[in-house]
Each structure stands twice: as structure tokens, then as C-alpha cells.
Amino acid sequence: MFEFNAARSELRIGSRTYRLPQRAPARIMIGGGLVAGGVLGFLPVLGFWMIPLGLLVLSQDLPAVRRWRRSLVVRMERRKAERTARRAQSRNETPKERD
């Protein structure tokens, strides 16, 4: 999925790694531009995919967006753990136990 390394200013999406600018104003401009372009996602070249990417870039510098991103990651990890536990439980059940 994605990995964000604030210490190295790197954003990894899938197998690609992108380096972000070192200066905060440049990152804020890039993130804001991505969000603004995402709002115009109905236009041919732009897309709605730009909104979450812009928020991810903005999360390095804006505390409110950072809190949102962290809570989202925590929820995703909890769902993943619950899904894994349910799958393990269903594999361990025998057909007789289900009745």
C-alpha cells in the first residue's frame, strides 16, 4: 500500500519511492496543489486520486492532517488484524463444530 518516512522525506506507494522537498513551504505547496487538483477531478487530466496523495504530503507539516492520517492507519491495522484472526479461526473450525 503506502509507507511514509518523515525522517527521510520519502513517500513509498506500491513499489515506487518519491522524495519530497526538504523545505516545508515547498511540501505545503505541492500538497495543496494536489488537493486542489483533486477537487477538479472530473476534468480529463486530473483525478480524485490526487486528494489522498495531497493529504499524505500535507500530513508531514500540518498537525491536524497528521492526526487524521495516524488514526486512519491505526484503524486499517486493526481491521487487518481482525480479518486475519477471523480467517485463522474459520480455518481451525471443523465442519462438526459449525453446527
Side-chain angles (χ1 to χ4, degrees):
M1 185 152 167
F2 74 89
E3 180 183 337
F4 185 68
N5 188 340
R8 293 177 28 199
S9 294
E10 287 184 350
L11 174 65
R12 175 177 240 160
I13 301 173
S15 62
R16 293 185 177 205
T17 302
Y18 302 97
R19 301 231 355 118
L20 297 174
Q22 294 295 322
R23 295 180 177 222
R27 286 190 304 265
I28 291 172
M29 286 177 47
I30 290 171
L34 285 167
V35 170
V39 170
L40 301 173
F42 57 89
L43 296 173
V45 175
L46 306 174
F48 294 111
W49 57 269
M50 296 171 74
I51 294 173
L53 183 60
L55 291 174
L56 189 62
V57 172
L58 286 173
S59 71
Q60 186 170 0
D61 298 308
L62 302 177
V65 181
R66 187 178 313 126
R67 284 189 297 270
W68 174 80
R69 176 183 51 90
R70 286 180 180 170
S71 68
L72 179 67
V73 169
V74 167
R75 279 187 276 150
M76 288 171 49
E77 291 297 324
R78 284 182 184 163
R79 283 186 185 175
K80 183 179 177 182
E82 289 172 1
R83 209 175 311 126
T84 304
R86 276 187 272 147
R87 286 181 184 162
Q89 184 182 10
S90 67
R91 287 180 184 155
N92 291 337
E93 287 182 4
T94 61
K96 293 178 184 177
E97 292 176 353
R98 290 185 187 172
D99 294 336

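Positions are given from 1 along the sequence.
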**Q** Using the rule that Ile, Leu, Val, Met, Phe, Trp and Tyr join whenever any side-chain heavy atoms are under 4.5 Å apart, tell me whether Met29 and Leu62 fall into a single cluster.
**A**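 They do not share one cluster, since no chain of ILVMFWY contacts under 4.5 Å joins Met29 to Leu62.
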**Q** Would you indicate whether the side-chain heavy atoms of Val35 and Leu58 approach each other to under 4.5 Å?
**A**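 Yes. Closest side-chain heavy atoms under 4.5 Å.
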**Q** Of all the heavy-atom pairs spanning Phe42 and Phe48, show the shortest one and how long it is.
**A**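 The answer is N-CZ, 3.8 Å.
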**Q** What's the shortest heavy-atom distance between Pro21 and Ile30, and which atoms?
**A**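 Closest heavy-atom pair between Pro21 and Ile30: CG-CD1, 3.6 Å.
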**Q** Hey, are the side chains of Leu11 and Leu53 touching, using non-hydrogen atoms and a 4.5 Å cut-off?
**A**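 In short, these two side chains touch, coming nearer than 4.5 Å.
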**Q** Do Ile13 and Val57 sit in one hydrophobic cluster, given that two such residues count as connected whenever their side-chain heavy atoms are within less than 4.5 Å of each other, even indirectly?
**A**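 Yes, same cluster.
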**Q** Any pair with a residue in residues 17-35 that passes salt bridge (charged side-chain N to carboxylate O under 4.0 Å, His left out), sequence neighbours left out, goes on the list, sorted by first then second residue, please.
**A**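 Applying salt bridge (charged side-chain N to carboxylate O under 4.0 Å, His left out) to every pair that reaches into residues 17-35, excluding sequence neighbours, yields Glu10-Arg19, Arg27-Asp61.
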**Q** Would you list the pairs meeting side-chain hydrogen bond (donor to acceptor under 3.5 Å, both in side chains) in which at least one residue belongs to residues 66-79, sequence neighbours left out?
**A**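 Pairs touching residues 66-79 that pass the test: Ser59-Arg69.
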**Q** Are Trp49 and Leu56 connected in the hydrophobic side-chain network, where two residues link if heavy atoms are under 4.5 Å apart?
**A**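 Yes.
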